[in-house]
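Notes follow once the structure below has been shown.
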Amino acid sequence: MIAVPPGVRILLATRPVDFRKGMDGLAALVQQALRADPFAGEVFIFRPRRADRVKILVYDGTGLCLYSKRLEAGRFCWPSPADGVVRLSAAQLATLLEGLPWHRLQPHATPRPSTAC
């Protein structure tokens, strides 16, 4: 499980990438394709053509970290590559990493305070 502090953007690149790329190659991809700064502390998620793997790149304040996961059975749920970049919540990221359909998660509406006097 990757703990993501509140307010940190989580960006999922929907187009498959070459999974031979390491952290430097993925950081360059963040700069060129996503037009973002890989050293800003945001979480970047990448997928290969095979839907059973995921790589996550994040800068933790001291250096780049690269996390990788391969499902032993099943496949990750990925959005269409035409979507470009999709922003996820921390709950959606946790659900994605479990191999579950993360796109079904919807934020709860904030309850309004009672107006009764």
Side-chain angles (χ1 to χ4, degrees):
M1 178 63 148
I2 297 174
V4 180
V8 172
R9 288 191 330 157
I10 303 169
L11 301 174
L12 169 63
T14 61
R15 290 194 176 92
V17 300
D18 180 356
F19 254 40
R20 294 175 291 182
K21 290 183 186 290
M23 64 178 65
D24 293 328
L26 292 174
L29 192 64
V30 166
Q31 290 174 325
Q32 296 166 0
L34 303 180
R35 304 276 189 249
D37 180 4
F39 302 100
E42 298 169 331
V43 177
F44 300 98
I45 307 166
F46 300 94
R47 60 162 294 181
R49 292 200 186 280
R50 295 177 61 177
D52 66 338
R53 299 162 197 254
V54 64
K55 282 189 178 181
I56 300 173
L57 183 71
V58 65
Y59 181 75
D60 70 355
T62 61
L64 283 174
C65 300
L66 181 62
Y67 301 95
S68 180
K69 182 170 183 173
R70 180 186 70 214
L71 291 178
E72 293 301 316
R75 309 176 87 163
F76 289 108
C77 294
W78 298 113
S80 167
D83 293 341
V85 177
V86 175
R87 188 170 178 177
L88 302 182
S89 68
Q92 288 173 320
L93 173 60
T95 304
L96 168 74
L97 292 178
E98 291 298 322
L100 299 172
W102 59 270
H103 57 280
R104 293 187 183 165
L105 292 180
Q106 298 296 324
H108 289 281
T110 305
R112 294 182 183 210
S114 175
T115 56
C117 296

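This is a predicted model, so every value here is computed, not measured.
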The residue among Leu97, Leu93, Leu57 that forms side-chain contact (heavy atoms from CB on, under 4.5 Å) with Ile45 is Leu93
Would the distance check show the side chain of Lys55 and the main-chain N or O of Lys21 forming a donor-acceptor pair, the cut-off being under 3.5 Å? yes
What distance separates Asp18 CG from Arg49 CZ, expressed to the nearest 0.5 Å? 9.5 Å
Do you know which two heavy atoms are closest between Phe19 and Arg47, and how far apart they sit? CE1-C, 3.5 Å
Return the OG1 to CZ distance between Thr14 and Phe46, rounded to the nearest 0.5 Å. 11.5 Å
Drop me the distance from Ile56's CD1 to Leu96's CG, to the nearest 0.5 angstrom. 7.0 Å
Heavy-atom pair with the smallest gap, counting every atom of Asp52 and Gly74: CB-O, 3.9 Å
Mind checking the CZ-CZ spacing from Phe44 to Arg9? Nearest 0.5 Å is all I need. 7.0 Å
Locate the shortest heavy-atom distance separating Glu42 from Ala36; write the atom from each residue and the value. OE1-CB, 4.2 Å
Less than 4.5 Å apart, side chain to side chain, heavy atoms only: is that true for Arg53 and Ser68? no
Could you tell me whether the side chain of Lys69 reaches within less than 4.5 Å of the side chain of Phe76, counting heavy atoms only? yes
Where is the tightest heavy-atom contact between Pro38 and Ala27, given as atom of each residue plus distance? CG-O, 3.7 Å
dist Phe39:CZ -> Asp60:CG (nearest 0.5 Å) comes out at 11.5 Å
Evaluate the criterion side-chain contact (heavy atoms from CB on, under 4.5 Å) for residue pair Tyr59 and Asp37; output intermediate values, then yes/no. CA-CA 10 Å; Tyr59 181 75; Asp37 180 4; over 6 Å; no
Check for me, please, whether Val30 and Leu64 land in the same ILVMFWY cluster - side-chain distances under 4.5 Å, paths through other members count. yes
Nearest heavy-atom neighbours spanning Val4 and Ala90: CB-CB, 4.4 Å
Hydrophobic cluster membership, with links at side-chain heavy-atom distances under 4.5 Å among I/L/V/M/F/W/Y: are Leu11 and Val17 in one? yes
Val8 and Leu34: same hydrophobic cluster, using ILVMFWY side-chain contacts below 4.5 Å? no
For the residue pair Met23 and Leu66, what are the closest heavy atoms and their distance? N-CD2, 3.8 Å
With the 4.5 Å side-chain cut-off for hydrophobic clustering, are Val58 and Val54 part of the same group? yes
